[in-house]
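Order of listing sets the numbers, starting from 1, for every ligand and every atom in it. Because the structure is predicted, anything quoted here is derived from the model rather than measured.
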Amino acid sequence: MVQRQIVARGVKNRRVLLAMRTLPRHLFVPEAYSDYAYDDCPLPIGFGQTISQPFMVAYMLEALFLTGSEHVMEVGTGSGYQTALLSMLADTVVSIERIAPLALRAERLLHELNISNARIMIGDGYNGFSAGAPFDAILVSAAPTFVPPILAGQLNEDGGRMILPMGDFGAQSLVRITRNGDDLMVEDLMEVAFVPMIQGLSDLE
Ligand code: SAH
């Protein structure tokens, strides 16, 4: 998976590649799909959501320039796969998920994997997590149609960066926002297709 899908498409960051070689992806995929866990595609994880394609996960992680010392927030825990990778690449991780059963499943799995520097919270990612701010990096894995202002406000003022897919389905770009003081620099990275970022908690149980 790493060689053919990720290195071949230009991801070079050694820490990202090592983390992805180390973490077993099949643990994060429903058993019915475990034969496809290392394939070049997103997969259903229940509740109408998907675990992102491995290349997309790698690309987003690389684009955050993590060195290991960062305090990171993730919006959209989903399976917990990217949360686990973030925990290997940063110092501390807070991950927010609006669908409670997904959050609880991911929390259980991270616990089984002895990951102790990542905390999963049930909540609406549009509100971020003010008690944990500022964040050196924010990774959003569902697509809003605008930059959520509260999230931008929770970025470290001194070079905090956020990667997020943005736009309506069929016309989304992956964007990197870098904050310096009140200035937000916006870079368009590539076209993508993510599930929408939905306001409010889900009532799915
Ligand atoms: N990185 C995840 C991808 C999950 S898909 C993985 O590797 O599995 C995106 C997730 O974002 C879904 O689980 C969805 O429920 C969640 N989501 C959508 N809108 C959200 C919001 N406002 N707050 C928190 N999570 C949200």
So which bit of [X] gets within less than 4.0 Å of ligand 1, heavy atoms only: side chain, backbone, both or neither?
| X | answer |
| --- | --- |
| Leu102 | side chain |
| Val195 | side chain |
| Ile51 | both |
| Gln49 | side chain |

Considering the heavy atoms of [X], write down every atom of ligand 1 situated less than 4.0 Å from one of them.
| X | value |
| --- | --- |
| Ile99 | 15 (O) |
| Gly125 | 21 (C), 22 (N), 23 (N), 24 (C) |
| Ala142 | 11 (O), 18 (C) |
| Gly78 | 4 (C), 8 (O), 13 (O) |
| Ile96 | 24 (C), 25 (N) |
| Gln82 | 1 (N), 7 (O) |
| Thr77 | 2 (C), 6 (C), 8 (O) |
| Thr50 | 3 (C), 4 (C), 5 (S) |

Notebook entry, point to check: Given the rule that I, L, V, M, F, W and Y join up when any side-chain heavy atoms are under 4.5 Å apart, are Leu139 and Ile120 in one cluster?
Noted result: yes
Next item on the list: For the pair Arg119 (side chain) and Thr92 (backbone), establish whether a donor and an acceptor sit closer than 3.5 Å, ignoring hydrogens and angles.
Entry: no
Checklist line | Donor-acceptor pair, side chain of Tyr38 and main chain of Arg25, under 3.5 angstrom | finding: yes
Margin query: Working note: Gln154 + Arg179, criterion side chain to side chain donor-acceptor pair (under 3.5 Å); need CA distance, chi angles, decisive distance, verdict.
Written below: CA-CA 10 Å; Gln154 292 181 1; Arg179 177 169 178 187; over 6 Å; no
Compare every heavy atom of [Y] with every heavy atom of [X], then report the nearest pair and how far apart it is.
| X | Y | value |
| --- | --- | --- |
| Gln49 | Leu102 | CG-CD1, 3.9 Å |
| Ser79 | Leu109 | O-CD2, 4.4 Å |
| Ala118 | Ser87 | CB-CB, 4.2 Å |

Checklist line | Gly123 to ligand 1, any heavy atom closer than 4.0 Å | finding: yes
Notebook entry, point to check: At the 4.0 Å heavy-atom cut-off, does Pro196 count as touching ligand 1?
Noted result: yes
Where is the nearest protein heavy atom to [atom]: which residue, which atom, and how far?
| atom | answer |
| --- | --- |
| atom 15 (O) of ligand 1 | Glu97 OE2, 2.6 Å |
| atom 11 (O) of ligand 1 | Gly76 CA, 3.1 Å |
| atom 25 (N) of ligand 1 | Arg98 N, 3.4 Å |
| atom 22 (N) of ligand 1 | Ile198 O, 2.7 Å |
| atom 9 (C) of ligand 1 | Ser141 O, 3.3 Å |

Item checked: Euclidean distance, Gln5 CD relative to Asp39 CG, rounded to 0.5 Å -> 7.0 Å
Margin query: Any non-hydrogen side-chain atom of Met185 less than 4.5 Å from a side-chain atom of Arg161?
Written below: no
Margin query: I'd like to know whether NE2 of His111 has more than 12 heavy-atom contacts from other residues, nucleotides or ligands below 6.0 angstrom.
Written below: no
Notebook entry, point to check: Looking only at distance, does Gln199 have an N or O less than 3.5 Å from an N or O of ligand 1?
Noted result: no
Check: Between Ser79 and ligand 1, is there a nitrogen or oxygen pair with a distance under 3.5 Å?
Finding: yes
